[in-house]
Every structure is written in C-alpha cells, then in structure tokens.
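Written out below as structure tokens is the structure these notes cover.
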Number of protein chains: 2
Amino acid sequence: MEQVVKKIDKKTLILDTTLELLSENGFHGTPISLIAENAGIGAGTIYRYFKNKEELINVLFIEIQRRIIKAMYCNYNEAAPYQERFKVLWINMINYYRKHPKDLIFIEQHRYAPYVSTLTRSESMRIISPVLLFFLEGKKKRFIKHLPLYTIIGLIYGPIVTIVKLNLDHNRVTTDDQIFHAEQACWDAVKYNDTKLEENIK
Amino acid sequence: MEQVVKKIDKKTLILDTTLELLSENGFHGTPISLIAENAGIGAGTIYRYFKNKEELINVLFIEIQRRIIKAMYCNYNEAAPYQERFKVLWINMINYYRKHPKDLIFIEQHRYAPYVSTLTRSESMRIISPVLLFFLEGKKKRFIKHLPLYTIIGLIYGPIVTIVKLNLDHNRVTTDDQIFHAEQACWDAVKYNDTKLEENIK
DNA sequence: TGTCTCGGAATGAACGTTCATTCCGTTTTG
DNA sequence: CAAAACGGAATGAACGTTCATTCCGAGACA
C-alpha cells in the first residue's frame with residue numbers, strides 16, 4: 001500500500017520539477033540530469049516512471065490539459081443561461097492561466113512541438129471535448145454563430161493566451177478590468193447576430 | 001558587386017533550408033549538419049553568415065515577421081474606410097499563412113521559445129508597429145473598442161493562427177468561406193459598440 | 001524480539017551518440 | 001597571386017539512456 005503512495009508521489013515530484021524547469025528553459029535547455037538534480041533524485045529513477053524524455057513531456061502535457069479543464073468547470077452551473085455559462089468557462093480558464101503562468105508557457109511552447117505525439121494530440125482533444133460540446137450546443141441553439149469549431153476556438157482561446165502572455169512578457173499584472181472587457185469582446189465575436197437586426201440598426 | 005549578390009543568395013539559401021527543416025522537425029530535430037547537407041553546402045559555411053545556431057533562428061524569425069507585414073500591406077489603401085482597411089489587413093495576413101504554412105509553424109513554434117532573444121522580441125515589436133498604430137487609430141477614432149493593445153491583438157491574431165493551424169493538423173483546406181465569416185467575427189469582437197445602442201435593441 | 005533473506009526501488013557513473021563549433025587545406029574570386 | 005570563401009573532417013562538450021550495484025523495508029524464521 002505504502003509503496004503505491006510513494007510511487008505516485010515521486011511521479012508527481014518529477015512532473016512538477018519538469019514543468020518548473022521546462023517553462024523556464026525549454027526542452028533542450030533542461031537535461032534529464034537537471035530535472036533529477038532539482039527533484040533530489042537520481043537520473044535513472046526518472047526512467048522507472050517514464051520510458052524516455054519524450055514520454056515525460058507528453059504525460060505532463062496531458063496532465064496540465066486535465067487541470068485546466070477541471071478548473072474551467074469549477075462553479076459551472078449546467079442550468080444557467082448559455083451566455084452565463086460561457087462567461088464562467090472563459091473567466092475560469094483565463095484565471096487558471098493567471099494563477100499558473102508556467103502551465104501557460106509550457107502548453108503554448110509544446111502545442112506545436114514535433115515531439116508531442118499524435119496520440120497525445122487526440123487524447124488532448126478527448127479531454128477538451130466537453131468544451132467542444134458546449135460550443136456545438138451553442139451553435140445548434142443559435143446562441144452563437146454558425147462557425148467551424150476551430151474558428152470558434154480561435155476566437156475564444158486566442159485572446160486568453162495572448163493577453164496573459166503579453167502581460168507576463170512585459171511584467172505587467174493582468175487586471176480584472178482587462179479580463180472583464182476581454183470576455184465581453186470574445187462574446188461579441190461569437191454571439192449570434194441576426195443579420196436583419198443589424199440592418200435595422202443602420 | 002557579385003560578391004554581395006552571392007553572399008545574399010547563400011544567406012537566403014541557408015535561411016530557406018532552415019525554415020523548411022525547422023518547421024518539420026523543430027529546433028533540436030534539425031542539426032546544423034542537416035541544414036548544411038540540404039542546402040548543399042559545408043557546415044562551416046553557415047558560420048560565415050551566422051554567429052551560431054541561435055542567431056540563425058533569430059534572424060529567420062525577424063525575416064519572416066517582415067515578410068508577413070509586407071504581405072499585409074499589399075493593396076492596402078490608406079484612404080479607405082477603417083473597417084475596409086481592417087478587412088484587407090486581416091485577410092492578407094491569413095492568406096499569407098495559408099500560402100506559407102511553414103512560416104506559421106515556425107513562428108508559432110518559436111514565439112515563446114527561450115532562445116528567441118529579447119532583442120529579437122523588441123525588433124519584432126518594431127516591425128509590427130504599423131499594425132499597432134492602426135489599432136491605436138481605431139481606438140482613438142472610436143472605430144474599435146477601447147481595449148488594451150494586447151487584448152486587441154489576441155482577439156484578432158489568435159483566430160488566424162488557430163484556424164489555419166487546426167486545418168493543417170487535420171489535413172483540411174481552409175476555405176474562403178471560413179475566412180469570410182471569421183473575419184466578420186473578428187470585426188464583431190473589436191468593433192466599437194455604443195452600449196446605449198445595444199440597450200435600445202432589446 | 002532480533003536476525004536473516006529477499007525483491008524491487010533507487011542510484012549515478014559510464015557509455016555511446018549527437019551536435020554545435022572550429023580549424024585548416026582547397027577552391028574561387030578579382 | 002593575394003585574399004576571401006568554402007567544405008567538411010576533427011573536436012570536445014553535452015546529453016539521453018543504461019545497468020551493475022546499493023539501499024531499504026517487509027516478511028520469514030527461530
């Protein structure tokens with residue numbers, strides 16, 4: 001029993017240390033030896049938990065993805081109006097990144113990296129599927145525009161990454177006010193507009 | 001004279017080959033020796049044109065950034081209405097990426113990489129400054145919302161990257177129709193809305 | 001209880017490979 | 001022919017991975 005607990009703890013320790021170092025130095029700036037050193041374990045030990053460096057990255061990628069989705073659905077009320085639910089998901093996500101900038105840097109650094117396997121990519125898709133379903137629901141019920149899924153993702157996720165990352169780069173704090181307005185703009189981008197209504201305004 | 005021409009040609013050759021390989025294999029999947037081999041030159045020759053591998057990447061990053069901006073301002077008419085100019089810039093940019101997916105992959109793979117120097121980052125800012133000024137103009141004249149610059153960039157650039165990249169990943173063609181609608185949605189995200197006007201509609 | 005045995009977890013030095021960079025003989029240029 | 005450009009073998013540092021060995025804690029035994 002205790003063995004199992006220790007195993008899990010050590011695996012987590014390795015993952016945490018890897019995240020820390022990778023987000024600072026990137027893939028080829030963080031040798032296994034450094035990860036081992038910072039984790040206070042032997043280099044060989046890492047290979048008891050992960051087949052190789054690549055797998056370590058892939059596992060970490062999936063792990064973080066999972067945490068993000070979990071955070072997004074905190075205080076999410078299935079019964080609330082669509083726009084309200086949109087707001088909760090969006091704000092939760094950007095707040096997760098605000099609180100965990102290392103995760104943002106890691107994810108964005110590795111999203112398009114060639115050593116992230118196709119298996120990881122499809123697993124990643126599976127993890128975010130609740131969000132995709134949320135968008136499909138919005139399209140079907142005409143809460144949001146009838147756009148391809150990827151367009152919608154781009155309109156909604158793009159701003160989150162850029163806002164947090166640019167503020168990080170320039171040592172600025174991402175303010176609640178910024179977030180409030182950005183969320184509204186994102187909603188404007190995707191919310192359903194009857195074209196005829198638009199004409200009437202003019 | 002010819003020296004200069006040849007110099008430029010070989011430098012370009014190296015940069016082109018590097019882009020080709022890097023976008024496929026990533027930084028640590030493309031050794032200098034491979035770049036040299038594919039370019040049909042000696043490995044040492046590369047060091048006549050670039051101090052080291054890092055500089056090579058940084059120069060390429062800047063170079064591509066420049067090409068993108070150049071493409072954006074093709075057929076741009078300073079005298080046209082704001083929304084029209086927005087459309088031209090946006091469509092030009094996404095079309096550049098559609099035509100040059102390797103550039104997209106390269107830029108996005110290295111945007112947050114630690115070996116892209118702060119010098120490169122600020123130079124990059126300088127290059128895109130016309131676009132930033134365009135946004136500032138829009139804010140001042142109330143064509144677009146009064147949002148922080150980075151929020152605006154996120155709202156506009158995020159979708160471009162994601163749409164092209166996701167379609168690439170899934171071996172789909174990015175259609176003109178998709179682009180047409182995505183541009184409209186982006187505009188909806190940033191266009192100025194008088195709040196009172198919105199109230200009246202309801 | 002104290003001692004012995006055993007198995008798997010952990011270790012880190014060693015290995016083989018890879019790779020950026022250098023160096024120098026050769027070729028090209030003007 | 002002098003000087004610059006070039007090629008690619010040589011170099012040495014760095015790295016991922018392996019593996020013989022040590023360590024440790026849990027039973028077995030008396």
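Remember, it's a predicted structure, so these values are computed and weren't measured experimentally. Within every chain, numbering begins at 1; the chains are lettered A, B, ... in the order of the sequence lines, protein sequences first and strands thereafter.
- We find that OH of B:Tyr47 is positioned 17 Å from C1' of C:dC24, with the value rounded to whole Å.
- Residue A:Lys11 contributes atom NZ, which lies 13 Å from atom P of C:dA9 at whole-angstrom precision.
- Side-chain contact of B:Asn25 with B:Thr30: a donor-acceptor pair under 3.5 Å is absent, judged by distance alone.
- For B:Tyr49, a side-chain nitrogen or oxygen approaches OP1 or OP2 of D:dC6 to under 4.0 Å.
- Straight-line distance from the CD atom of B:Glu55 to the P atom of C:dA20: 15 Å, rounded to whole Å.
- A donor-acceptor contact shorter than 3.5 Å links the side chain of B:Thr162 to the backbone of B:Gly158.
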Set out, line by line, the N/O atom pairs under 3.5 Å between protein and nucleotides 12-18 of chain C.
{"unit_1": "C:dG12", "atom_1": "N7", "unit_2": "A:Gly44", "atom_2": "N", "d": "3.2"}

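- When rounded to the nearest whole Å, the span between CD1 of B:Ile46 and P of C:dA20 equals 9 Å.
- Residue A:Asn58 comes nearest to A:Ser117 through the heavy atom pair OD1-N, 3.0 Å, listed as atom of the first residue, atom of the second, then distance.
- Judged by distance alone, the side chain of B:Thr17 and the main-chain N or O of B:Leu13 form a donor-acceptor pair under 3.5 Å.
- In this entry the distance linking NZ of B:Lys10 with P of D:dC6 reads 4 Å, nearest Å.
- Taking atom CD on B:Glu37 and atom P on D:dA9, their separation rounds to 11 Å, with Å as the unit.
- The ring of A:Phe143 has its center no closer than 6.0 angstrom to the ring center of A:Phe86.
- Between A:Phe134 and A:Tyr82, the ring planes are parallel. Angles under 30° get that label, and only those over 60° would be called perpendicular.
- B:His28 places its NE2 atom 10 Å from the P atom of C:dC19, with the value rounded to the nearest Å.
- Regarding A:Leu13, its CG atom lies at a distance of 11 Å from the P atom of C:dA10, rounded to whole Å.
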